[in-house]
2 protein chains.
Amino acid sequence: MSVSVDGRSTRWDDHRTARRAELVRAARKAVHKLGPAVSMDEIAAAAGTSKSIVYRYFDDKAGLRLAVAEAVVRQMHDALRDAARAARTPEGALREMVRVYLEMIESSPNVYWFVTRTAIGGNEPSSPVEVGAGRRRAAEQALEATGVSVGPADTPLGAYLDSVIELVAEPFARATDVSSADAAAWAAGAVGFVRGAGEWWLGHDLGLGGLSREELTERVALWLWTGPVGVLHNPNSRTEEHR
Amino acid sequence: MSVSVDGRSTRWDDHRTARRAELVRAARKAVHKLGPAVSMDEIAAAAGTSKSIVYRYFDDKAGLRLAVAEAVVRQMHDALRDAARAARTPEGALREMVRVYLEMIESSPNVYWFVTRTAIGGNEPSSPVEVGAGRRRAAEQALEATGVSVGPADTPLGAYLDSVIELVAEPFARATDVSSADAAAWAAGAVGFVRGAGEWWLGHDLGLGGLSREELTERVALWLWTGPVGVLHNPNSRTEEHR
DNA sequence: TCACAGTACCTGATACTCTCGGTCTCGTGA
DNA sequence: TCACGAGACCGAGAGTATCAGGTACTGTGA
């Protein structure tokens, strides 16, 4: 039998896919140029179209933000994976990943903040949280209420972090024999570590000895891998990879 | 005559200080109850007053957010400092601090997000960033443009993080002989680590073996102190404090 | 089979609604 | 006089609705 598909809609499938990707590219460029608080009107103008067209392809600003994050993650995913594969030890893999991450922060801070600082200048959905429903439940609802869920990969930050965490967990899991939950928890912490140190560095670098990005990369990778214990036992240790 | 003028001025100074503190308390309660996306109208209503009164004592929402963050930090500062002093080793101090931090995340997630997730639902100041002004400069401007500066303690997140970082840096500096910049960079990473793991845990805890907060505290402290190297060399190691 | 009306989707401009941060005006009381 | 507080007001930006014109597909009846 013939499954008749209405061509009036399907004839636009390729067009829709291409148009959507085009809008994501334009949005990313607009964010890079105009800052993370760019408005939808500005994004539409940068794409050479009108706001209503942007809303034809994305449900709302959060949807566009998610698409931009996915594009960033796809690009970054490849770089992180290549860096990890090129290293000969788990520690080396970690160092390369720290480098890639810090390079991204430095090269395109606007896009980084757009993706990781959810809803600056936006009005993304939120709803009241009833207090008293139990601590854990309240914590989950608070996260969901903010439209920021680090768990489900249905928000920009969640998707962004989950993808990066998955990659970062690999050297830890490779070096140790721990459960996947532990590896993910460590990776989440590690990503947080790089973020914390990287963002601090951006804000404090001047007048404080001027750590270069390479110096920070080395330190962060060392601290992540061996913690203060490593500094204690071998303050001048580079890496075991170079021995 | 001049004495009475000074007296009147002093009386109003005390009133202003008290009124301000009262508004901060009310705001904090409103955030706790209604969520981090609470509006200024809602905060004013919770304080039993009108919005224009809130704006009499705070320049804008960011100013109120900063005041709430300062109140949180003051309370947390004491708990973190007490925890650090009660521990006999730097590692123990770090573990206690991780515990305090995770307890706060769990007990008052709405306030935590209000302070650390800048500008959810808000329109805090931003201005365009000229691309091409050099990478470092652009990065700084991007941060400043977002109203989120991790450096200067004139924003909620900056003040919040700097205060916590300063405390967390202490065990590291005590255990090692590194520069204060390195200690601060490590502490920034460590705070990020706790945030990353804690926020991940809130979003992923269900169905993943159910790490309790205590279990997470132990793991985070261990990973922060010894990294994967510590797990490799002594997977079941508790702490040196218990030797 | 083919012509044609109907249908679906595209575009962009423009007007509109709503929320919320922030501002202004005015009356009151010490 | 001056600080207070209530309530009206303003504007930015997210999101929605309407319009007209164009292209291509679909279904129907001759």
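Proteins get letters first, then strands, A, B, ... in listed order; numbering begins at 1 in each. As the structure is a prediction and not an experimental result, all values here were calculated from the model.
Residues from residues 47-54 of chain A placing a heavy atom under 4.0 Å of any atom in DNA chain D, listed by number, are A:Lys51, A:Ser52.
Between the NZ atom of A:Lys61 and the P atom of D:dT16 there is a distance of 14 Å, given to the nearest Å. Here the C1' atom of nucleotide D:dA12 and the CG atom of B:Asp60 are 16 Å apart, to the nearest Å. The nearest whole Å value for the distance from the CE atom in B:Met40 to the P atom in D:dG5 is 15 Å. In this structure, A:Tyr57 atom OH and D:dG15 atom P are separated by 18 Å, rounded to whole Å. Between B:Arg20 atom CZ and D:dC4 atom P the separation is 13 Å, expressed in whole Å. As rounded to whole Å, 10 Å separates atom P of C:dG22 from atom CG of B:Leu64. What separates CG of B:Asp41 from C1' of D:dC9 is a distance of 13 Å, to the nearest Å. Whole-Å rounding puts the B:Arg56 CZ to D:dC4 C1' distance at 6 Å.
You'll find the side chain of A:Ile105 stays beyond 4.5 Å of the side chain of A:Arg213, heavy atoms only. The closest side-chain heavy-atom distance from B:Asp82 to B:Val100 is not below 4.5 Å.
Residue B:Arg19 has a polar side-chain atom (N or O) positioned under 4.0 Å from OP1 or OP2 of D:dG5. B:Tyr55 has no side-chain polar atom (N or O) that falls below the 4.0 Å cut-off from OP1 or OP2 of D:dG5.
Under the salt bridge (Lys or Arg N to Asp or Glu O under 4.0 Å) criterion, A:Arg20 pairs with no residue at all, not counting sequence neighbours. Annotation: salt bridge (Lys or Arg N to Asp or Glu O under 4.0 Å) contacts of A:Arg99 (sequence neighbours excluded): A:Glu96, A:Glu214. Residues passing the salt bridge (Lys or Arg N to Asp or Glu O under 4.0 Å) test with A:Asp41 are A:Lys51, sequence neighbours excluded. Not counting sequence neighbours, A:Asp14 has no partner by the salt bridge (Lys or Arg N to Asp or Glu O under 4.0 Å) test.
B:Glu106 and B:Tyr101 share no side-chain donor-acceptor pair at under 3.5 Å.
Nucleic acid contact for B:Phe58: none, since no nucleic acid atom lies under 4.0 Å from a heavy atom of the residue.
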Could you write out each protein N or O paired with an N or O of nucleotides 20-24 of chain D at a distance under 3.5 Å?
residue, atom, partner, partner atom, Å
D:dT23, O2, A:Arg11, NH2, 2.9
D:dA24, O4', A:Arg11, NH1, 3.2
D:dA24, O4', A:Arg11, NH2, 3.0

Next on the checklist: The test is side chain to side chain contact (heavy atoms under 4.5 Å, CB included); show your working for B:Val98 and B:Leu216 and say whether it passes.
Outcome noted: CA-CA 9 Å; B:Val98 171; B:Leu216 184 68; over 6 Å; no
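In this structure, A:Arg16 forms no cation-pi arrangement with A:Tyr57, as its terminal cationic atom is not both closer than 6.0 Å to the ring centre and no more than 45° off the ring axis.
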